[in-house]
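The structure under discussion appears below in the form of structure tokens.
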Amino acid sequence: MSPVTPLLEPPEASSIAPHVDLLFYVMLTLSVIVIAGVVLAMGWFCLKYRRGTHADRSPRPPHSHWIEITWITIPLLLFLCIFAWSIRLYARMRTPPPGATPVYVVGKQWMWRIQHVGGQREINTLHVPLGRPIHLIMTSQDVIHSFFVPAFRLKQDVVPGMYTDLWFTATRPGTYQLDCAEYCGVDHSRMGGRVIVMQPAAFADWQRRHGGQSLAAQGAALFRKAGCSGCHDSQSSVHAPNLRGLYGRRVPLRDGSIVLADDSYIHDSIMLPDKQVAAGYSPIMPSFQGQLGESEVLELVAYIKSRNGKGAGP
Amino acid sequence: MSVISPAFETPAPIGHRSFYDEGNTLWSWLTTRDHKRIAILYAISITFFFLLGSLAAAMIRLELVTPAGDLWSAETYNKAFTFHGVVMVWFFLIPSIPVTLGNFLLPLMIGARDMAFPRLNLFSWYLFAVGGLFTMAALLAGGVDTGWTFYTPFSTMFSNTNVFLVIIGVFITGFSTILTGLNFIVTTHSLRAPGMTWFRLPLFVWAMYAVALVMMLATPVLAMTLSLIGLERFFGVGIFDPAMGGDPLLFQHMFWFYSHPAVYIMILPAMGVASELITCGARRNIFGYKFMIYAIVGISVIGFLVWGHHMFVSGMSLYAGIVFSILSFLVAVPSAIKVFNWTATLYKGTIDFTAWMLYAIGFVGLFMLGGVTGLFLAATALDVDLTDTFFVVAHFHYIMVGGSVMAYLGGIHYWWPKFTGRMYSAAWARFAAIMMFVGFNLTFFPQYLLGWAGMPRRYHQYDPQYQLLNVLSSAGAAVLGLAYLLPIIYLAWSLRHGAPAGPNPWRASGLEWLTDSPPPKHNFEVTPVVTHGPYQYTP
Amino acid sequence: MNGPRRKNGRLPVADLLAVLGVLVLLLGASIGSSLVPLGGWNTVVSLVASVLMALTILGFFMHLRHGTVLLRMVAAIGFVWLAILIVITFGDYFTRIPVPPPW
Amino acid sequence: MNSISHARPAFLEQQFDDPLQQRESSVFGMWAFLATEILFFGVLFLGYAICRWRFPVAFAEAAKHTDLVLGSIETAVLLVSSCVVTIALRDLRLGGRRLAAALLLATAMLGLLFLALHGKEYYDEFHEGLMPGVHYTLAQPHAVHMKLFFCLYYFITLYHSLHVTVGVLLLLAMSWRTFRGGFSADYTTPVEVTSMYWHLVDIVWIFVFPLMYLVGR
Ligand code: HEA
Ligand code: HEA
Ligand code: CUA
Ligand SMILES: [Cu+2]
């Protein structure tokens, strides 16, 4: 554990964290100034005009548009500045840089299951290399959880039935607390873990030691086992789309709309096939809801993605 | 003790028969249509619920003294904060000021003989009571563990506690809220005394009017959303369940469309009370009366557009986050106007530090602190870090306990002579107010630090490094809890032993002070005619 | 509340029946249009018919035509608030950007 | 301004100064209540809109299972009833009694007819196995998401039928009171307010109908 004194914030361990802290402390300073101003004014009035003092109590105007407008405008401008600042930071938090390494996360009452593209699996622990952007693609098997790493100043709800994502670049090696921040039932407070930030070399070493079959390869096996290939193989007699090169394409749907084939699209195609039916096909694909867990779906997604590259897959 | 403001032409003659004298059997109370008696029925009921909710708070705080989850089981802890939240929000704070002070004072302040629909008013109380019974039944049957926000799919598919009973309870109480709001709106529109124009209404009445509007337009959404949860639990079908193609975020949108306006249901009345107290306590007319009104209306309307700030990390779209964030900043502007105007009202006044004035000043300070930390949460990038931590818990307790509860108690102290005709011990009252202020800050200030340090909320056990602050917070809760008991004691004592108050012990202006304390059954022997604005103070 | 006191509700019976006729016609149009394949426009057409029917009822049967401004505002506010709820919620759904491709 | 002492008609409640104030308060109150009703139903429509937007095909498929003929008749019945209650109120205001009472009764009967027709629909749907959670036998490709439609369909129509039932009871009471001479040309407020409620029930149905019955035809 990194040393955390009770009154201080956790260390800044991601590229975003210093920006968040700066915003926080600037807002804190502003707020303290404003609050101190108001409290001092009130305190001073309370002292000066308490009953029995000989203060000037001549009539004052019952209102003044100028004063009102001043103290509407100044806070408003302050608010707009803070808003602009925070929203830029927020947009940055939510836009993963191109080339970030994907890591798949499944929340489940009450544990975190993590799958790396290289096939490494972890539970309640996430190993990441220092200084490289990591892109978490997350979903939940049951209820809503929230992936929270205080040292990174980042948090994202993990919602069943959809993919949410979170990205960060760790900037300090060490072990950091991972919490579940969305109430999810009995053991919510125990649903924690660690994020271990390693030097790239150490990380590569870790990867090698724990690497098995890559996620896509596991997905390829599953593709056969779950029976997908029965329809989706090019030799299959069933009229089903060939999934090669599907990922990232724009897919025309039967109802006339066009959607981008991203992670969620593939996920929904497997779990809720009726939701979006590809044009030119009949809606005969069965739903795999209940038969495949979210982590298995992630393997399939990884496999289908992998078939975009050159010479990938059958 | 009888300085009647010169603003009103027809002071009521001093009568001898108060509304308490119209029969005192239990039956006469349970069938009453007198808004004043209904207010008292409500006051008793919500005090009961406040005590229940406080016991749950004591359970929470006792558990959090140690990092290990040792005192209660995790299930019990989860049920405790759920029950605490549900009871405090729906059975104490949302009704609190409107149904007691509002019910009692609204007709008096506008010079009416009663509410527009007295029977409906009584019916609302019965609905409230029945809703409360359902909620207590849920407690007796084992409690609920969903959190007061009932997030799906946990509440629909995974919790096997008595969600259904609580939902029915809240649903029924919701109807009570809607009907109360309806009554307030119609009363304010049609029963104002001659000469009582809109811009002569006391700010408390404006606050009641605005809050009634919010109650009517927001509560139906909650009722139906909760019904949908009930439906899903019963039939295993539904639109919030991702397993069936439903969407949990849809629930959050619907819930917060109600629940954010609901937080303004909790603060607007408090602002109304504070305006009355500060003007009287400083013997100065409110500064910027019209701006105060615009601020009230502004808060209640813009307040409907910001609900998504509870969903910044929920998976909602980035663009929606931007819109909700800026709107949340905008809604803070009218609150700022109010804080500044209250402060300016003190200027060149003659300030008496009665207990209720202490509460009012405490209210302004604590509300400001809570509100400003609300801005931290509205700043999306900070919310990503702070959401679902104790920072949020501290934010809303500062506003709800430090703000609304303080204002409610201030209002009770201010109008107590009017309600009962008796004075309470001023010294004890001041002592309790100060003790409460100290205990409150000790309880909740450490929670800001906890939140910034990263302690998530709704945690039954936590990491040891957070212990010191948690112990401080629990100690504060003990002080705060004891301070809450004091008013109950000395106010009860005053009922028998307090000095008679007379119609206007604080020399306040406002129609309610023209009539007897306690007022006669129909409030005014002669309908007053109003020729001036609401505040007629000279220092 | 002190708007002009009209002879509310004193439309001749014949007029009321004519209004009913209009309503039934609109209903017929709505049903008829739904049987014609117009794609997405089917719903639009039938909803427009519904809005017209609702306005007719509000205006004639509920006498809002002669109502005060206040009453009209009250009648409208429910719809306006509902529109806020629906528009903003859909705003979220429409702008949820898909998770961009990670490589 | 001292209005308590004037001759007060028996129906005038003590908190009001005169009959006009009482009537306007009641009417205003009813409008305000109707605004909340719109939101009550409105949330469900939001749920419907989102689900339909997500599953357009399933919704079109599911809506085909509703009974267009019965649904259309029900709509017409409600429209006629709305007209009838307006005529009843008109007659009452012109001093009528028997005709008004009869028309109010007729309105209630139309309401009952609506409920009966809808009951018939529910009965058929039960036998077709269209009730998720109770008896659901659909097995076509979109069956899972069609449940969403049915779930909303039953919830909205049942909630609406509850309103119709309340309306019928109120109308029966009003008819009886009218028949007993409880109202006069000066005092029609309860009937007026009831009729407003009834119109709202009608308006809600006017939106339910195209969304539930006319989709995917
Ligand atoms: C009475 C109740 C009440 C009130 C009035 C408010 C008022 C505000 N609230 Fe709060 N809030 C809650 C009760 C309340 N809140 C509750 C219960 C929750 C948690 C629910 C849950 O999840 O369980 C919550 C949660 C909550 C969140 C979500 C946190 C999260 O879960 O991630 C946010 C985010 O934006 C927020 C913001 C605000 C803002 C901007 C205001 C503004 O209206 C505040 C405006 C007031 C001021 C700003 C102070 C006065 C102004 C000045 C003195 C001006 C000068 C100041 C400066 C220049 C800085 N609140
Ligand atoms: C609306 C009003 C309201 C009020 C008045 C209060 C009052 C208090 N609340 Fe609460 N609170 C909420 C609304 C409110 N709360 C809501 C909505 C939540 C969110 C729930 C959720 O997450 O779903 C919440 C959650 C909440 C939490 C977070 C739980 C968690 O996330 O894990 C805590 C923790 O400290 C807390 C504490 C308190 C305390 C100490 C008081 C004090 O004011 C109470 C003081 C009274 C007593 C302490 C009892 C009497 C005293 C004694 C019997 C003496 C002995 C006591 C001790 C030794 C401790 N509340
Ligand atoms: Cu998982 Cu909380
Ligand atoms: Cu909010």
Side-chain angles (χ1 to χ4, degrees), chain A residues 4 6-7 9-10 20 23-24 27 31 35 38-39 41-42 45-46 49-51 56-58 60 62-63 68 71-72 75-76 79 82-83 86-87 89-91 93-94 142-144 146 148 150 153-157 159-162 164 179 181-189 272 275 289, chain B residues 69 74-75 78 147 151 153-154 158 242-243 245 248 285 287-291 313-315 318 321-322 325-326 329 332-333 336-337 339-340 343 346-352 361 365 368-369 372 376 379-382 384-385 387-388 449 452-454 456 458-462 465 468-469 539:
Chain A
V4 180
L7 287 175
E9 81 270 13
V20 175
L23 176 57
F24 182 86
M27 269 192 90
S31 310
I35 291 175
V38 175
V39 168
M42 281 180 68
F45 292 160
C46 281
Y49 300 113
R50 68 184 189 279
R51 180 176 293 284
D56 165 24
R57 293 197 169 81
S58 55
R60 54 153 173 75
H63 59 85
E68 301 280 357
W71 67 41
I72 290 172
L76 183 63
F79 293 165
I82 297 172
F83 162 75
S86 78
I87 211 70
L89 194 50
Y90 178 63
M93 284 173 172
R94 291 198 55 169
D142 36 49
V143 303
I144 305 179
S146 191
F148 177 30
R153 309 287 188 275
L154 284 174
K155 182 184 291 118
Q156 172 62 53
D157 280 8
V159 186
M162 70 190 263
T164 52
D179 288 319
E182 183 64 61
Y183 175 66
C184 55
V186 177
D187 276 341
H188 164 60
S189 62
L272 311 165
K275 189 173 149 193
Q289 184 110 50
Chain B
E75 285 93 335
N78 296 346
Y151 268 22
F154 183 72
F158 290 87
N285 299 350
F287 186 79
Y289 172 71
K290 284 200 177 165
F291 277 88
V313 302
S314 67
L318 170 64
I322 295 176
S325 172
I326 183 132
F329 279 104
V333 173
I337 299 178
V339 168
F340 297 142
T343 311
L346 298 177
Y347 179 59
K348 289 191 176 179
T350 303
I351 301 172
D352 270 321
I361 294 173
M368 187 164 59
L369 221 67
V372 166
F376 283 60
T380 36
L382 289 182
V384 169
D385 182 32
T387 182
D388 279 321
L449 304 175
W452 177 234
R458 295 169 171 175
Y459 259 31
H460 167 238
Q461 56 175 44
Y462 55 87
Q465 78 259 31
L468 176 60
L469 291 168

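Residue A:Cys46 touches chain B through both its backbone and its side chain, counting heavy-atom pairs closer than 4.5 Å. For B:Phe291, the part sitting under 4.5 Å from any heavy atom of chain A is the side chain, from C-beta outward, and nothing else. Contact annotation for A:Met162: only side-chain heavy atoms (C-beta onward) come within less than 4.5 Å of a heavy atom of chain B. Contacts of A:Met42 with chain B are made by both backbone and side-chain atoms, with heavy-atom separations under 4.5 Å. Only the side chain of A:Pro75 comes within less than 4.5 Å of a heavy atom of chain B; its backbone N, CA, C and O stay farther away. Proximity to chain B (any heavy atom under 4.5 Å) is restricted, for A:Val159, to the side chain, taken from C-beta onward.
Every residue was checked against the ring-ring contact (aromatic ring centres under 6.0 Å, His included) condition with A:Phe148, not counting sequence neighbours, and none meets it. Residues passing the side-chain contact (heavy atoms from CB on, under 4.5 Å) test with A:Arg50 are A:Leu47, A:Thr53, B:Phe353, sequence neighbours excluded.
Among B:Gly349, B:Gly288, B:Ser325, B:Pro456, the residue with the largest count of heavy-atom pairs under 4.5 Å with chain A is B:Gly349. No other option in B:Gly315, B:Ser314, B:Gly365, B:Ala336 has as many heavy-atom pairs under 4.5 Å with chain A as B:Ser314. Residue with the most contacts toward chain A among B:Ile337, B:Val372, B:Asp352, B:Asn285: B:Asp352 (heavy-atom pairs, distance under 4.5 Å). By number of non-hydrogen pairs under 4.5 angstrom with chain A, the leading residue of B:Ala379, B:Ala74, B:Gly321 is B:Ala379. Between chain B and the options A:Leu154, A:Leu89, A:Val38, the largest number of non-hydrogen pairs under 4.5 Å is found for A:Val38. Note on B:Phe158, B:Tyr462, B:Tyr151: by heavy-atom pairs under 4.5 Å with chain A, the leading option is B:Phe158. Among the candidates B:Thr387, B:Val339, B:Ile361, the residue making the largest number of heavy-atom pairs closer than 4.5 Å to chain A is B:Thr387.
Using a 4.5 Å heavy-atom cutoff, the side chains of A:Asp179 and A:Ser146 are not in contact. With a 4.5 Å cut-off on side-chain heavy atoms, A:Leu23 and A:Ser86 count as touching.
Remark: B:Ile326 CD1 to B:Thr380 OG1 distance equals 10.5 Å, nearest 0.5 Å.
The two residues A:Ile82 and B:Phe329 make their nearest non-hydrogen contact at CG2-CZ, 3.9 Å. The two residues A:His63 and B:Phe287 make their nearest non-hydrogen contact at CA-CE1, 3.9 Å. Listed here is the closest heavy atom pair of B:Ala332 and A:Phe79: CB-CE1, 3.8 Å.
Partner of A:Arg153 under the side chain to side chain contact (heavy atoms under 4.5 Å, CB included) criterion, chosen from B:Asp385, B:Leu382, B:Val384: B:Asp385.
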